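No experiment lies behind these values; they were computed from the predicted model shown.
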Amino acid sequence: MIIQKTEAEVALMKQSAMLVSKTLTEVAKMLKPGVTTLEIDRLCGTFVRDHKAIPSFLNYRGYPFNICASVNDVVVHGFPNNTGLRDGDLVSIDMGVILNGWHGDHAYSFIIGEADEAVLQLVRVTKESLYKGIEKAVANNRVGDIAFAIQDHTERRHGYGVVRELVGHGLGRSLHEDPQVPNYGKRGNGPRLKENIVLAIEPMINMGTKDVYTEDDGWTVRTRDGKPSCHFEHDVCVKRNKALILSDYSIIEAEEKANPNLNTSYYNAVSLAV
Ligand code: MF3
Ligand code: CO
């Protein structure tokens, strides 16, 4: 069942999404070579609790941390650990909160220091694909319109691998509501979008093969070929003419650009899309 939210509920979900954005903004400030993902996990947990919210991933189906920290060939659901981040690492930080009973759940990928052109392009194209999907999140479109837009930009235009095993989702009083929002599919297929449904749209895009496997820890998803993978996620409310993005990358990006340890050179890249 796809649950439409009232305007008041959307306003509360905006608060939840923004708390995640503010948390990821704190992450953007602290990232540098040597910082461990466990340190990031602790900061995020403390920040969220200080804002009268609960980190929602912790204990979700037994997940043992506040955040997912997915480095390089880890696609999603990476466990924070004691290894310092290194120059060239691509790290996605995914965080969920419950504030006033409503979920926020979004993610951002950062590049530490100098990185390969190929990694910079993967990050740019994955972020672009998220916005191309969001453009389709308007009433009377279908889930497949979002899915197709993401797949078309990443797979057809750039030859990347779109992960099939994991999908975006509805969001509300639960972390995962209907509908599922795949990053691959056909235009005009799938459930019809109604005004004031809230979706977590989250492309997971591999530089190489689309194939992934899950480690013995039961969570960590890695690319089969060991090549890097990128993940961005926004919380989006479907509206009649233009989707309303509840989360906010601009505050994260401001700190990302101000942090000399983070690579934002892909912002200036001329699109290599063909
Ligand atoms: N953004 C991911 C999702 O929506 C994160 C879930 S991690 C988990 O599924 F630990 F909560 F499962
Ligand atoms: Co999600």
Do [X] and [Y] come close enough that some side-chain heavy atom pair is under 4.5 Å?
X: Ile205; Y: Val163; result: no
X: Arg142; Y: Pro191; result: no
X: Phe232; Y: Val123; result: yes
X: Ser247; Y: Ile245; result: yes
X: Asn196; Y: Glu7; result: yes
X: Asp235; Y: Met13; result: no
X: Met207; Y: Val119; result: yes
X: Leu130; Y: Ile201; result: yes

Step through the shown structure and confirm whether more than 12 heavy atoms of other residues, nucleotides or ligands are within 6.0 Å of [atom1] on [X].
X: Lys257; atom1: NZ; value: yes
X: Glu253; atom1: CD; value: yes
X: Lys239; atom1: NZ; value: yes
X: Lys136; atom1: NZ; value: no

Of [options], which is the lone residue that meets side chain to side chain contact (heavy atoms under 4.5 Å, CB included) with [X]?
X: Ile40; options: Thr23, Val35, Leu24; answer: Val35
X: Ile146; options: Leu193, Val238, Asn183, Ile134; answer: Leu193
X: Val71; options: Leu90, Ile112, Leu85; answer: Leu85
X: Cys237; options: Ile197, Leu171, Leu246; answer: Leu246

Please determine whether residues [X] and [Y] belong to a single hydrophobic cluster, defined as Ile, Leu, Val, Met, Phe, Trp and Tyr linked transitively by side-chain heavy-atom distances below 4.5 Å.
X: Leu12; Y: Leu244; value: yes
X: Leu19; Y: Met30; value: yes
X: Met95; Y: Ile252; value: yes
X: Val212; Y: Val91; value: no
X: Tyr63; Y: Val97; value: no

His176/Tyr60 aromatic ring centres below 6.0 Å = yes
Please determine if Lys5 and Glu177 form a salt bridge, counting it only when a charged side-chain N lies under 4.0 Å from a carboxylate O.
-> yes
Are Asp73 and Arg222 within salt-bridge range, i.e. N to O under 4.0 Å?
-> yes
Side-chain donor-acceptor pair present, [X], [Y], cut-off under 3.5 Å:
X: Asn206; Y: Ser229; value: yes
X: His169; Y: Glu202; value: yes
X: Lys227; Y: Tyr160; value: no
X: Glu114; Y: Asn263; value: no
X: Glu39; Y: Thr36; value: yes
X: His77; Y: Thr220; value: no
X: Glu256; Y: Tyr267; value: yes
X: Lys52; Y: Asn100; value: no
X: His234; Y: Tyr131; value: yes

Just how far is it from atom [atom1] of [X] to atom [atom2] of [Y], taken to the nearest 0.5 Å?
X: Glu9; Y: Ile3; atom1: CD; atom2: CD1; value: 9.0 Å
X: Tyr108; Y: Ser92; atom1: OH; atom2: OG; value: 11.5 Å
X: Asp145; Y: Ile150; atom1: CG; atom2: CD1; value: 11.5 Å
X: Asp89; Y: Leu31; atom1: CG; atom2: CG; value: 10.5 Å

Looking only at non-hydrogen atoms, find the nearest pair between [X] and [Y] and report the distance.
X: His231; Y: Asp94; value: CE1-OD2, 3.3 Å
X: Tyr249; Y: Ala107; value: OH-O, 2.7 Å
X: Val143; Y: Val181; value: CG1-CA, 4.0 Å

Is the NZ or CZ atom of Arg164 both under 6.0 Å from the centre of the six-membered ring of Tyr184 and within 45° of that ring's axis?
-> yes
Test the Arg124-Tyr266 pair against the cation-pi criterion, namely NZ or CZ under 6.0 angstrom from the six-membered ring centroid and within 45° of the ring axis.
-> no
List the steps, then state whether salt bridge (Lys or Arg N to Asp or Glu O under 4.0 Å) holds for Glu135 with Lys132.
-> CA-CA 5 Å; Glu135 272 179 33; Lys132 286 179 184 292; 5.6 Å; no
Intermediate values then yes/no, side chain to side chain contact (heavy atoms under 4.5 Å, CB included), Ile54 and Val48 | CA-CA 6 Å; Ile54 300 165; Val48 165; 5.8 Å; no
